[in-house]
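Okay, so here's the structure we're looking at.
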Amino acid sequence: MSDARTAILLAGTICGLLLLTAIFWVGLLGSDDSLYWAGSSGWLAHVPYLGTTHWALRHTLVIPIAIARVILGDDPLALVLPSLLYTIGALVVAALWIRRIDGVTSAVAAMALIATNPQIVLLSSIANIDLVEIFFVLSGFALLHRAMAPQVTPRSRRVGLLLSGLALGLAMLSRETTAFAVVAIGLLFLAGYGMRRANYFIIGIGFAAVVGLEFLYVWWMSGDLLYRANISLHHDATTNRLLDQGAAVPLLHPAIDPLTMLLFNHNFGLLTWIGVPLTIWLLWRGKLAEPARRFAVLAITLALTWTAICAEAWSALELLPRYYLLPAVLLSMLTGMALSRLWRDGRRRLAALLGLLLIAANLLSIAVDYRNSVMYGEHMLAGIAAREPGIIHTDTQTLNRARLMLLLKGVAGHVTDQSVAAGDLFLFDPLHNGQRPGSDWIVVERHGLPPTLGQTLASLLPRSEEHTSELQSLTNL
């Protein structure tokens, strides 16, 4: 019966995620995903291969994309499939972890919160490194938690800790922010938490094996001891925490802006407002069994360490919600446990109300963040280039963002950003800078986005002069 319930839990989690991902599919962005595609092309062209960009060195994503291209061909699905599989993997790890320590009810509540998390849903259909890192970090800490159990044999403990180190090493190869998780491990080591301090060195052996082998590989291929460091530490010169680069909240001071974002950015819904008080209640009044309490200590240590370092890395990291996704996942797991505890304690109405509020806020945030205008002009450009003979002209920004899409459609040579002459076809995207249509230009076709919900509702209202301003406001929703 237990195995059947676990299977239902996993199937429901995966199906729910896939349904939301399909509804809010993103796909090609013409941004970092193009660089991951280029890196995978390097592996397909030559093995062994050493990337020349920060993104091409993220082997845990680039190599799976290359494998997907071998299996599926040069298809857009091959680009996003690894990210989607990593997302499913992260949810499976989280579900089994909570199921093991606190039962199916807690796992169901936690998965409902994680599978509807706006960033989880939207990032799962993009070639993205965040979910790759989260998968390996969660795996590493789940293995560490299991190794701390008193009933585990010494041999099983050593194997589990070694695998934990290997997982964290792969996370480090995915993105250097895994160093925040390593610091959390260091704090647990200093506290001597959960096991003898000597056992923590086994984690270090596994971690060093992965990172060390990759270091030797890069050195062998490049002849430069600092090859990765020189690329990774200087890949982005635009970070400025005094400017809003994605936080979407009023900026007060870099030291407190992360807290403001966690409270008010729509990507976190009501999780911070409800999840933090519930977690405090869970620790003080939840009467947790030892495995669940041990999980809470590990999750809170990791989440707080990650958040604090990420918040204070002013010059290295932009203030972006996705950098705080791992703490949000951990808080969702703790919140799910708290909701389950309320339910089992007989406070079912309160548990149901808080759970519904959290899920509703998540779904509303997804709808707010999801835009049907993403890459609309680029999709139109690729479609026109595929059906029209001759060369299509457009602005440089549109062309650059559409390059991968044009390549996949086999029409990369049919589009240019060179100056137009009489009789040339030009695709104009008003969202981008570049050449503007002249007064003597002839409009051949007009394309627009499907109406939004606000525009549809506005079209049903009476059209009169006194309602003009209200109508205009609604149509801009």
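This chain uses plain numbering: 1 for the first residue, then up along the sequence. For the numbers below, each heavy atom of this structure counts, side chains included, while hydrogens, waters and symmetry mates do not.
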Original post:
Relative to the ring of Phe428, is the ring of Phe426 parallel (under 30°), tilted (30 to 60°) or perpendicular (over 60°)?
Top reply: parallel
Given side chains that start at C-beta, do those of [X] and [Y] come closer than 4.5 Å, heavy atoms only?
X: Leu262; Y: Tyr324; answer: yes
X: Val218; Y: Leu225; answer: no
X: Leu84; Y: Leu18; answer: yes
X: Leu354; Y: Thr335; answer: no
X: Asn117; Y: Val121; answer: no
X: Ile98; Y: Met337; answer: yes
X: Leu123; Y: Leu325; answer: yes
X: Ile120; Y: Val329; answer: yes

Original post:
With sequence neighbours left out, what residues match Gln119 under side-chain hydrogen bond (donor to acceptor under 3.5 Å, both in side chains)?
Top reply: none
Check [X] against [Y] and note the closest heavy-atom contact, atom names and distance.
X: Ile114; Y: Ala94; answer: CD1-CB, 4.3 Å
X: Ala90; Y: Phe135; answer: N-CD1, 3.5 Å
X: Ala382; Y: Leu406; answer: CA-CD2, 3.7 Å
X: Ile366; Y: Pro118; answer: CG1-CA, 3.5 Å

Return yes if some donor-acceptor pair links the side-chain N/O of [X] with the main-chain N/O of [Y] below 3.5 Å, else return no.
X: Ser83; Y: Ser125; answer: no
X: Ser174; Y: Thr60; answer: no
X: Asp33; Y: Ser31; answer: yes
X: Thr301; Y: Ala184; answer: no
X: Thr307; Y: Leu304; answer: no
X: Asp257; Y: Leu252; answer: yes
X: His266; Y: Phe268; answer: no
X: His414; Y: Gly390; answer: no
X: Trp273; Y: Leu263; answer: yes
X: Ser164; Y: Gly140; answer: yes

Original post:
Under the salt bridge (Lys or Arg N to Asp or Glu O under 4.0 Å) criterion, do Glu445 and Arg387 qualify, and how do the steps go?
Top reply: CA-CA 14 Å; Glu445 295 179 8; Arg387 75 167 194 262; 2.4 Å; yes
Subject >> Pair Phe136 and Tyr86, ring centroids less than 6.0 Å apart >> reply: yes
Subject >> Output field: ring centroids Tyr227/Trp220 closer than 6.0 Å >> reply: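 No: the rings miss the under 6.0 Å criterion.
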Original post:
Any ion pair linking Arg228 and Glu176 (charged N to carboxylate O, less than 4.0 Å)?
Top reply: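 Here Glu176 pairs with Arg228 in a salt bridge, since their nearest N and O are under 4.0 Å apart.
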**OP:** Decide if atom CH2 of Trp219 counts as having more than 12 heavy atoms of other residues, nucleotides or ligands within a radius under 6.0 Å.
**Re:**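 Incorrect, the count does not exceed 12.
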**OP:** Find out whether the Lys NZ or Arg CZ of Arg69 is both under 6.0 angstrom from the six-membered ring centre of Trp37 and within 45° of the ring's axis.
**Re:** yes
Original post:
Of Ile134, Ile14, Leu17, which meets side chain to side chain contact (heavy atoms under 4.5 Å, CB included) against Leu91?
Top reply: Leu17
**OP:** Apply side-chain hydrogen bond (donor to acceptor under 3.5 Å, both in side chains) to Gln418 and His393, showing your working.
**Re:** CA-CA 7 Å; Gln418 299 300 312; His393 295 255; over 6 Å; no
**OP:** For the pair Thr178 and Glu133, evaluate side-chain hydrogen bond (donor to acceptor under 3.5 Å, both in side chains) and give the outcome as yes or no after the intermediate values.
**Re:** CA-CA 7 Å; Thr178 297; Glu133 182 184 40; 2.9 Å; yes
